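All of these numbers come straight from a predicted model, not from anything done at the bench.
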Amino acid sequence: MSTEAPSKTLSPKTLPLGKTIAFSSLSMPLSALGLAIAVYLGPHYATNLGVSLTLIGAAWGTVRLLDLAVDVALAAMMDRTRTPWGRYRVWLVAGVPIMALAVWMLFIGAPHGFSSVWLVSWLLVYYLGTSIVGLAHSAWAAKLAPNYHDRSRLFGALNAIGVLGAVVAIAIPIVSPMLKIPDSQTIPLMGWLVVLTLAPCALIVAFTNREPIEPDDPGAHLKLTDYGRLFMKPDLLRMFLAQMALTLGPGWMSALYIFFFRDSRGFDGGQLSILLGIYIFAGIAGAPATARAAMRFGKHRTLMVTTTAYSLGLMTVLLIPKGSMGLAAPMMFWCGAMASGFDLMIRAMLADVGDEVRLEQGREQMSLIYAINTLAAKIASAFAIILTYPLLDKLGYVPALAGRNTPQAIHNLEMSYIIGPIVFVMLGGACVIGWKLNAERHGEIRAELERRDALYAEAPVIETLEGPSPVVAK
């Protein structure tokens, strides 16, 4: 394998299948890690390491607040980076060791009864690493697939391949009892899965894909007012709110998943993991189907349909008899297939907005745009834990009592599990009603960008009192 120098021209209109799969490979450990953090790590700390839910929620919330400005600062540096090895590639490779160290400490090296200072410290390292890797990977993906429809295809592949990593993570708690592995060792095994696969997948991405760097407008000098206009751009505000809602809804569900299906629906540990595996595995079908639907009907319409369908499916969960795998499995598959389209559509739509911003401002802002939405996701994921764990404490639910909680506490758990996700997911779909940046409008933007990029790439540059400026024939 050889590393290609960054190109000064646009990437091919359609990324070859082999390169699509290679680029998407990093989604496997990232998705496995995201699942383990969202679903398993908090209950593991509370059940096996003797840490209170309130401490866990407070620590996560504190880190998210401290971490809010990190993504924006990182993105501003990424978009200004130009090296012989590319813009985003160098950041991706640099972030992997930071991320791997934090995963090892949080999953494998966590001591019993740790303090809030310990948890906050390592969560800060973890989120720094994930910010670097996640922003670089997303912004690079947007550059690899410049087409409106090709972006749906690539981000669909990222989601579908990410499902494989999540399924492997799910398999660990299913297989562990068969191998007589103690429950307290299940989460450390998930940590090892991520630590051992993260670097190889990152290297596959780095050495098998080119990184196109389009020329900036030499006469465009970004000012603070440009950043202000970017933050206040209506389409980005709508994406910010949609990302918050569509992270908080499923995040709320994930935070309460184990408690709800164990104590309300009567499933044991192995069944819990099988059902969650079905939910995750459904993304293999849901992500490509969502991408195909977006290519036919448009991204915003597809997003509204999937959010509505997800909510309708979740409404049926309390109708399922306790312990009925045969009825719970189809519901989980339906919800998982619909949820797989949320992040896919938002990331693809953000890439389209990024092209519009580059046309307006003359310089690349793609990673900053993804950073703004990552900021929304971080705020929402923090609130998923800040709100749900202390809420359960207030409502009288005690995780350590498992099935011995009072009927009122179980009822409160059920209402919390159902109402929160449905409200937020429907709000997320509503955020894109009337979206104007469709395939036709994006095609016009790309055509203008390609025309301008060709002029800047070929035009001689002269020095003026205001800096370098291209000489472009009128």
Asker: Is it true that a side-chain atom of Arg89 and a backbone atom of Ala206 form a donor plus acceptor pair closer than 3.5 Å?
Answerer: yes
Asker: Report yes if some heavy atom in the side chain of Leu158 is under 4.5 Å from a heavy atom in the side chain of His137; otherwise report no.
Answerer: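 Yes, close enough: below the 4.5 Å cut-off.
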Asker: Would you compute the distance between atom CD1 of Ile56 and atom OH of Tyr45 and round it to the nearest 0.5 angstrom?
Answerer: 8.0 Å
Asker: Kindly state whether the ring of Tyr279 and the ring of Tyr257 have centres lying under 6.0 angstrom apart.
Answerer: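 Not under 6.0 Å, so no.
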Asker: Which atoms form the tightest heavy-atom contact between Thr208 and Ala22, and what is the distance?
Answerer: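 Distance-wise, the nearest heavy atoms are OG1-CB, 3.3 Å.
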Asker: Looking at every heavy atom in both Arg151 and Ala142, which two are closest together, and how far apart are they?
Answerer: NH2-O, 3.2 Å
Asker: Nearest 0.5 Å, what's the CD1-CD distance between Ile172 and Gln185?
Answerer: 12.0 Å
Asker: Pair Leu144, Thr20 - check side-chain contact (heavy atoms from CB on, under 4.5 Å), show working.
Answerer: CA-CA 9 Å; Leu144 280 176; Thr20 298; over 6 Å; no
Asker: Assess whether side-chain contact (heavy atoms from CB on, under 4.5 Å) is satisfied between Val195 and Phe107, documenting all intermediate values.
Answerer: CA-CA 10 Å; Val195 168; Phe107 283 80; over 6 Å; no
Asker: May I ask you to decide if the ring planes of Tyr370 and Phe155 are parallel, tilted or perpendicular, using 30° and 60° as cut-offs?
Answerer: tilted
Asker: Between Lys299 and Asp352, does at least one N-O distance fall below 4.0 Å, as a salt bridge requires?
Answerer: yes
Asker: Keeping Ser264 on the side-chain end and Ile410 on the backbone end, is there a donor-acceptor pair under 3.5 Å?
Answerer: no
Asker: Do the side chain of Ser324 and the main chain of Ile320 share a donor and acceptor less than 3.5 angstrom apart?
Answerer: no
Asker: Counting heavy atoms not belonging to Phe240, are there more than 12 under 6.0 Å from its CZ?
Answerer: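 Yes, the 6.0 Å shell around CZ holds more than 12 heavy atoms from other groups.
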Asker: Any side-chain heavy atom of Ile170 sitting closer than 4.5 Å to one from Leu35?
Answerer: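 Result yes, sub-4.5 Å side-chain heavy-atom pair found.
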Asker: If you take all heavy atoms of Leu193 and Thr197, which pair is closest and at what distance?
Answerer: O-OG1, 2.8 Å
Asker: For Met366 and Trp140, run side-chain contact (heavy atoms from CB on, under 4.5 Å): C-alpha distance rounded to whole Å, both residues' side-chain angles, the deciding distance at 0.1 Å, then the answer.
Answerer: CA-CA 9 Å; Met366 191 67 77; Trp140 191 354; over 6 Å; no
Asker: About how many Å separate CE of Met332 and CD1 of Ile274, when rounded to the nearest 0.5 Å?
Answerer: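 With rounding to 0.5 Å, CD1 (Ile274) is 12.0 Å from CE (Met332).
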Asker: Is the backbone of Trp118 close enough, under 3.5 Å, to the side chain of Ser115 for a donor and an acceptor to pair up by distance?
Answerer: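 Yes, Ser115 side chain to Trp118 backbone: donor-acceptor pair under 3.5 Å.
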Asker: With a 4.5 Å cut-off on side-chain heavy atoms, are Leu135 and Met78 touching?
Answerer: yes
Asker: Contact between Pro250 and Val425 at the side-chain level, heavy atoms closer than 4.5 Å - yes or no?
Answerer: yes
Asker: Under the 3.5 angstrom rule, does the side chain of Asn159 hit a backbone N or O of Ala287 as a donor-acceptor pair?
Answerer: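 Side chain of Asn159 to backbone of Ala287, a donor-acceptor pair under 3.5 Å: no, none is there.
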Asker: Is any side-chain heavy atom of Met253 less than 4.5 Å from a side-chain heavy atom of Leu314?
Answerer: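 In short, these two side chains touch, coming nearer than 4.5 Å.
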Asker: So, Arg87 side chain and Arg82 main chain: donor-acceptor pair closer than 3.5 Å or not?
Answerer: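 Checked: no pair found.
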Asker: Classify the angle between the aromatic ring planes of Phe261 and Tyr417 as parallel (below 30°), tilted (30 to 60°) or perpendicular (above 60°).
Answerer: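 Ring orientation of Phe261 relative to Tyr417: perpendicular.
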Asker: Shortest non-hydrogen contact from Val317 to Ile418?
Answerer: CG1-CD1, 2.8 Å
Asker: Any donor-acceptor pair under 3.5 Å linking the side chain of Ser311 with the backbone of Thr307?
Answerer: yes
Asker: Under the rule for salt bridge (charged side-chain N to carboxylate O under 4.0 Å, His left out), what residues qualify as partners of Arg265, not counting sequence neighbours?
Answerer: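 Listed in chain order: Glu414.
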Asker: Walk me through it: do Leu276 and Leu272 pass the test side-chain contact (heavy atoms from CB on, under 4.5 Å)?
Answerer: CA-CA 6 Å; Leu276 187 56; Leu272 289 174; over 6 Å; no
Asker: In the structure I gave you, are the side-chain heavy atoms of Leu256 and Tyr397 within less than 4.5 Å of one another anywhere?
Answerer: no
Asker: Do Thr290 and Phe342 have side chains that get closer than 4.5 Å, going by heavy atoms?
Answerer: no
Asker: Write down the atom of Ala282, the atom of Gly336, and the distance for their closest heavy-atom approach.
Answerer: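 Smallest heavy-atom distance, with atoms named: CB-C, 3.8 Å.
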Asker: Within the supplied structure, the quantity of interest is the number of heavy atoms (other residues, nucleotides, ligands) at a distance under 6.0 Å from Trp334 CH2; does it exceed 12?
Answerer: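 No - once you tally the heavy atoms of other residues, nucleotides and ligands closer than 6.0 Å, there are 12 at most.
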Asker: Give, for atom CZ of Phe114 and atom CE of Met105, the distance between the pair rounded to the nearest 0.5 Å.
Answerer: 11.0 Å
Asker: Can you tell me how far the CG atom of Leu427 sits from the CD1 atom of Ile422, to the nearest 0.5 Å?
Answerer: 12.0 Å
Asker: Would you say the side-chain atoms of Ser27 pair up with the backbone N or O of Gly162, donor to acceptor, closer than 3.5 Å?
Answerer: no
Asker: So, for Leu275 and Ala328, which heavy atoms are closest and what is the spacing to 0.1 Å?
Answerer: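 Looking at all heavy atoms of both residues, the closest pair is CD2-CB, 3.8 Å.
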Asker: Looking at side-chain heavy atoms only, is the closest gap between Leu33 and Met99 below 4.5 Å?
Answerer: yes
Asker: From Thr406 OG1 over to Asn412 CG, what is the distance, rounded to the nearest 0.5 angstrom?
Answerer: 7.5 Å
Asker: Whether the side chain of Ser31 engages the backbone of Met28 through a donor-acceptor N/O pair (distance < 3.5 Å, no angle test) should be reported.
Answerer: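 Not confirmed, Ser31 side chain does not pair with Met28 backbone.
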Asker: Tell me every residue that passes salt bridge (charged side-chain N to carboxylate O under 4.0 Å, His left out) with Asp343, counting only those two or more places apart in sequence or in another chain.
Answerer: Arg347
